[in-house]
Amino acid sequence: MDVSNTLYDKCVADCGEERNCSAQCDKPLSYLPQSYLRVFWNLVFWSSQLLTWVVLPLLSSYVTAGEFTISGKVKSALIENAVIYGTLGILFGVLLIYVVASRHLDSEAIKVLCITASNTWGLLVLIFLMGYGLVQVPRA
């Protein structure tokens, strides 16, 4: 979908001064305006971030909790994740302060740094989990 939109937009832009671009550029069946693509991309990106950083760790901790009641399992999962995210938050905060102070970064560079760190973490977790799965699945 994105490729067909890009090719169509490039064709219309290359058409330039000519008024009748519809003869040269066929609008694809899957064409969506840029505003729709931006909304869709934001929806997919932020929902995957929410699932990755909040929902799945809580559910994982809930399942492995040794409590016998639902409220006990929820409390145990919340405490476990608070300890993990608190530790990671303190480490990330100290590292961020160090990098900002030593490199004199502006807000845009900090935003890029945070996105890069998030993507790197996700790729590392994916690599570790895929390696585990490739070994563990044939054993089952």
Side-chain angles (χ1 to χ4, degrees):
M1 180 171 26
D2 187 37
V3 173
S4 62
N5 278 4
T6 303
L7 292 175
Y8 176 73
D9 290 341
K10 184 179 181 320
C11 180
V12 170
D14 289 345
C15 187
E17 296 297 321
E18 298 176 21
R19 297 287 181 207
N20 191 6
C21 290
S22 61
Q24 295 176 354
C25 307
D26 292 329
K27 187 181 273 189
L29 185 62
S30 63
Y31 181 76
L32 289 173
Q34 287 295 97
S35 60
Y36 291 152
L37 286 177
R38 184 173 302 264
V39 168
F40 181 67
W41 185 86
N42 278 324
L43 178 72
V44 168
F45 179 80
W46 289 112
S47 63
S48 67
Q49 290 291 320
L50 179 72
L51 284 171
T52 302
W53 294 102
V54 178
V55 176
L56 292 177
L58 282 173
L59 288 177
S60 176
S61 296
Y62 178 84
V63 168
T64 59
E67 305 294 327
F68 294 109
T69 63
I70 293 175
S71 61
K73 285 185 173 212
V74 169
K75 184 179 175 184
S76 176
L78 288 172
I79 291 172
E80 181 180 337
N81 280 289
V83 168
I84 291 171
Y85 284 132
T87 306
L88 286 175
I90 290 170
L91 284 172
F92 182 74
V94 168
L95 245 135
L96 185 64
I97 291 170
Y98 171 74
V99 169
V100 168
S102 66
R103 302 282 184 206
H104 305 293
L105 301 177
D106 60 347
S107 62
E108 191 64 30
I110 293 172
K111 179 180 170 185
V112 170
L113 181 69
C114 290
I115 291 172
T116 305
S118 173
N119 286 337
T120 303
W121 175 259
L123 287 172
L124 286 173
V125 168
L126 178 73
I127 289 168
F128 291 138
L129 292 179
M130 280 180 59
Y132 178 75
L134 289 173
V135 172
Q136 198 64 18
V137 169
R139 290 182 185 171

* Please round to the nearest 0.5 Å and tell me the distance separating atom OH of Tyr98 and atom CZ of Arg103. => 7.0 Å

* **Stepwise side-chain contact (heavy atoms from CB on, under 4.5 Å) check, Leu96 with Leu113** => CA-CA 9 Å; Leu96 185 64; Leu113 181 69; 3.8 Å; yes

* Closest non-hydrogen atom pair between Ser4 and Pro28, with its separation -> O-CG, 3.8 Å

* Asked: If you round to the nearest 0.5 Å, how far is CG of Leu126 from CG of Asn119?
  -> 11.5 Å

* Set of salt bridge (charged side-chain N to carboxylate O under 4.0 Å, His left out) partners for Lys75, sequence neighbours left out -> none

* Asked: Would you say Leu51 and Leu59 are hydrophobically clustered, going by side-chain heavy atoms of ILVMFWY under 4.5 Å?
  -> yes

* Asked: Are the side chain of Asn81 and the backbone of Val54 linked by a donor-acceptor contact shorter than 3.5 Å?
  -> no

* Asked: Is it true that atom CG of Leu124 has more than 12 heavy atoms of other residues, nucleotides or ligands lying nearer than 6.0 Å?
  -> yes

* **same_hphob_cluster(Val125, Leu88) at 4.5 Å side-chain heavy-atom cutoff** => yes

* Structure fact -> So CH2 of Trp53 and CH2 of Trp121: to nearest 0.5 Å the spacing works out to 6.0 Å

* Asked: Quick one: CG on Leu58 to CD on Glu80, what's the gap to the nearest 0.5 Å?
  -> 9.5 Å

* When rounded to the nearest 0.5 angstrom, what distance separates CG in Leu95 from CD1 in Ile90? -> 13.0 Å

* Cluster question for you: counting only ILVMFWY and a side-chain heavy-atom cut-off of under 4.5 Å, with indirect links fine, are Leu50 and Leu78 together? -> yes

* Are any side-chain N or O atoms of Thr87 and backbone N or O atoms of Val83, one a donor and one an acceptor, separated by less than 3.5 Å? -> yes

* Asked: Is a side-chain N or O of Ser48 found less than 3.5 angstrom from the main chain of Val44, in a donor-acceptor match?
  -> yes

* Structure fact -> Closest non-hydrogen contact found for Lys73 with Glu67 is CE-O, 3.2 Å

* How does the hydrophobic cluster around Trp41 look, that is, which other residues are in it when side-chain heavy atoms under 4.5 Å mark a link? -> Phe45, Trp46

* Considering all heavy atoms of both residues, which atom of Tyr31 and which atom of Asp9 are nearest to each other, and what is their separation? -> OH-OD1, 3.4 Å

* Could I get the full list of side-chain contact (heavy atoms from CB on, under 4.5 Å) partners for Val39, not counting sequence neighbours? => none

* Is Cys15 close enough to Cys25 that their SG atoms are under 2.5 Å apart? -> no

* So how far is it from Asp14 CG to Leu7 CG, rounded to the nearest 0.5 Å? -> 10.5 Å

* Of all heavy-atom pairs between Tyr8 and Asp26, which one has the smallest distance, and what is that distance? -> CD1-O, 3.5 Å

* Structure fact -> Heavy-atom nearest pair, Asn5 first then Leu32, reads ND2-O, 2.9 Å

* Asked: Are the side chain of Ser61 and the backbone N or O of Pro57 linked by a donor-acceptor pair below 3.5 Å?
  -> yes

* **Leu105 with Phe92, same ILVMFWY side-chain cluster at under 4.5 Å** => yes

